[in-house]
K.L.:
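Have a look at the structure that comes next, please.
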Number of protein chains: 2
Amino acid sequence: MNDKSASKSASHDLDGNATRERILLEAARLFRQHGYAATTLREVADAAGVKAGSIYYHFESKEQILGEVLDKGIKIVYETVRARIDALPKDAPWRDRIAAGIEGHLWGMLHHGDFTSANMRIYGQIPESAKAKHRVVRREYADYWDHLLQSALAAGELRTDASTTIIRLFVIGALNWTVEWYNPQRGSFQDFARQISVVVFDGILAHQESN
Amino acid sequence: MNDKSASKSASHDLDGNATRERILLEAARLFRQHGYAATTLREVADAAGVKAGSIYYHFESKEQILGEVLDKGIKIVYETVRARIDALPKDAPWRDRIAAGIEGHLWGMLHHGDFTSANMRIYGQIPESAKAKHRVVRREYADYWDHLLQSALAAGELRTDASTTIIRLFVIGALNWTVEWYNPQRGSFQDFARQISVVVFDGILAHQESN
DNA sequence: GTCTATATCAGGATAGAC
DNA sequence: GTCTATCCTGATATAGAC
């Protein structure tokens, strides 16, 4: 944020923390694009504008970078979702809460695509040690949605002929995958989110007459 | 199929083609589990019960194995879908055709999970040369669904306030992702497919009264 | 805090025996 | 058709100068 460092030689950096964030961002982008194993720290370093050796000043290992990228992917989305739902009136119907959740999930995800897509793509492929550490964050977010859906079910707003677990897995999976094909050139984000929401809520079929 | 080879030394195999298929299957499994780059040909060879050098008798390169695994992932699903839909009466409503397509897609995918999941997981991460060759097969399958949905739309059976392209991408993506979390212990495949279908057709909300 | 080395190890691919 | 042995390249991580 402040660039007024006084007397440092040109080969030294001004803000070490900015470098760290840049490394994380470029790592996420490259993990997404080429996978975890295929991404070399040399590439990450190049993209972040440092030399490979310098990465080890900020991180202990490649796996530590992985862990931070994964956590960030979920947390960004989770926080957006919670913020939107908390902003609703206390007595808002569950349908409105779920709608806010869907919109928040899509928004958080599509605005930090490298972190969220990297998470989706590589989670299935990383060493068990990395998965285990990351699992806590994942579980929390899943529980949040489970609670939301079960409350809607108890209030009679959700269909009863499909299990809430399957609904959660199916819907969140479907939302997540949009990051792989969403194209902002097809229309505004708002219109995109609206189309996704109506399909999730009411399905793909034409209705005899909608009220 | 026939095991009556007469006089071959123990270190030689009986059926070269079976070895080739085994290599493909194990490659798919390992690509799915660890990614393309992280999977070594030594691992594939071990899993297939041969030595690393032997792979090069059956395949020219690692990338050729990749190509065959990817194509197989789509083709298995495509063929199942087409077979189910072709088996319907000629005048079947589009809703029934789409239902058969959904069930066929799920069935083909979940019964060849290593090929289909490997495809989903690694397609975004492989070299452009491999993507380009595989794109033809992908495009064909997408076109097939586009045609299905556009016919349903023309017949007034599909909702009109969401684009068919978005519906296709969203629904196929959602179906695909089930391979990442489907658990046969939660119930029969038939019941699973039914739950997915009602959600796709009619959404997650409770209906005032269903007819 | 970043650099230039470099130690160490592992993977794709090939050659040639059997 | 499968094996053993090896070439060659490139990756993580470390050491120590600046």
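Just the heavy atoms: all of them, side chains too, but no hydrogens, waters or symmetry mates, feed the values below. Please read these numbers as outputs of a predicted model, since none were measured by experiment.
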K.L.:
Between the side chain of Arg194(B) and the main-chain N/O of Asp161(A), is any donor-acceptor distance below 3.5 Å?
P.N.:
yes

K.L.:
dG12(C), OP1 or OP2 - any side-chain N/O from Ser61(B) closer than 4.0 Å?
P.N.:
no

K.L.:
Measuring from the side chain of Arg42(B) (C-beta onward, heavy atoms only), which nucleotide among dT6(D), dT14(C), dT2(C) has the closest atom?
P.N.:
dT6(D)

K.L.:
Roughly how many Å is it from OH in Tyr36(B) to P in dG11(C), rounded to a whole number?
P.N.:
14 Å

K.L.:
Below 4.0 angstrom from OP1 or OP2 of dG1(D), is there any side-chain N or O of Thr19(B)?
P.N.:
no

K.L.:
Can you figure out which of dA13(C), dC3(D), dG11(C) approaches the side chain of Val50(B) most closely?
P.N.:
dC3(D)

K.L.:
Output the rounded distance in Å from OH (Tyr57(B)) to C1' (dG16(C)).
P.N.:
16 Å

K.L.:
Examine distances only and state if a side-chain atom of Thr164(A) and a backbone atom of Leu149(A) form a donor-acceptor pair shorter than 3.5 Å.
P.N.:
no

K.L.:
What's the CG-P distance between Asp46(B) and dC3(D), to the nearest Å?
P.N.:
10 Å

K.L.:
For the side chain of Leu41(B), starting at C-beta, report the closest nucleotide among dG12(C), dC3(C), dA13(D).
P.N.:
dG12(C)

K.L.:
Among the nucleotides dT4(C), dA13(D), dT2(D), which one has an atom lying closest to any side-chain atom of Lys51(A)?
P.N.:
dT4(C)

K.L.:
If you assign Thr40(A) and Glu60(A) each to the DNA chain D nucleotide with the nearest heavy atom, which residue ends up on the more 5' nucleotide?
P.N.:
Thr40(A)

K.L.:
By nearest nucleotide on DNA chain C, pick out whichever of Ser54(A) and Ala37(B) is the more 5' one.
P.N.:
Ser54(A)

K.L.:
Would you kindly give the OH-to-C1' distance between Tyr56(B) and dG16(C), to the nearest whole Å?
P.N.:
17 Å

K.L.:
Check the distance between dT2(C)'s P and Arg20(A)'s CZ and give it to me in whole angstrom.
P.N.:
12 Å

K.L.:
Are the side chain of Lys72(A) and the backbone N or O of Gly67(A) linked by a donor-acceptor pair below 3.5 Å?
P.N.:
no

K.L.:
Over how many whole Å does the gap from Lys62(A) atom NZ to dA11(D) atom P extend?
P.N.:
9 Å

K.L.:
So that I can tick it off, tell me whether Arg139(B) and Asp146(B) are bridged by a salt bridge, with the cut-off set at under 4.0 angstrom between side-chain N and carboxylate O.
P.N.:
yes

K.L.:
Between dG1(D) atom P and Ile55(B) atom CD1, what is the distance in whole Å?
P.N.:
16 Å

K.L.:
Measure CD1/Ile23(B) against P/dA13(C) and give the value in whole Å, please.
P.N.:
14 Å

K.L.:
Go through the steps to decide whether His105(A) and Tyr141(A) satisfy the test side-chain hydrogen bond (donor to acceptor under 3.5 Å, both in side chains), and finish with yes or no.
P.N.:
CA-CA 11 Å; His105(A) 188 103; Tyr141(A) 188 53; 2.6 Å; yes

